[in-house]
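Scroll down for the structure; my scribbles are underneath it.
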Amino acid sequence: MTKLLVVLLVVAVALWALLSRTRGGRRPTREQRRKKSPEAAGAAQDMARCAHCGVHLPASEAVHAGGLSYCGAEHAAAGPRGP
């Protein structure tokens, strides 16, 4: 019985080694995983509020007109919403 367990263990280790080589071998390093994480993909950005509808969006994507920020050209053309 012990011989059978040793043979099965050796076969399992051999299969694991073979499969790990065919799948690309090594796991990515901690730095490689960190580079691929969504948090590292983009740094925090300043947000802007649309003067017409109040939607918050990244300031880099906002349309700026008359010193105010808007979410799109249509709202920039419509102007700020009144009280």
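A quick note: this is a predicted structure, and the numbers were derived from the prediction, not measured.
Atom CG in Leu15 sits 10.5 Å away from atom CG in Leu8 (nearest 0.5 Å).
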Would you tabulate the side-chain donor-acceptor contacts of residues 46-54 under 3.5 Å, counting partners in other chains and residues two or more places apart, or write 'none'?
| unit_1 | atom_1 | unit_2 | atom_2 | d |
| --- | --- | --- | --- | --- |
| His52 | ND1 | Gly79 | O | 2.9 |

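Summarising the geometry of Val63 relative to Ala76, their closest heavy-atom pair is CG1-CB, 4.0 Å, with the distance given to 0.1 Å.
Residue pairs meeting the side chain to side chain donor-acceptor pair (under 3.5 Å) criterion with at least one partner in residues 66-76, sequence neighbours excluded, are His64-Ser69.
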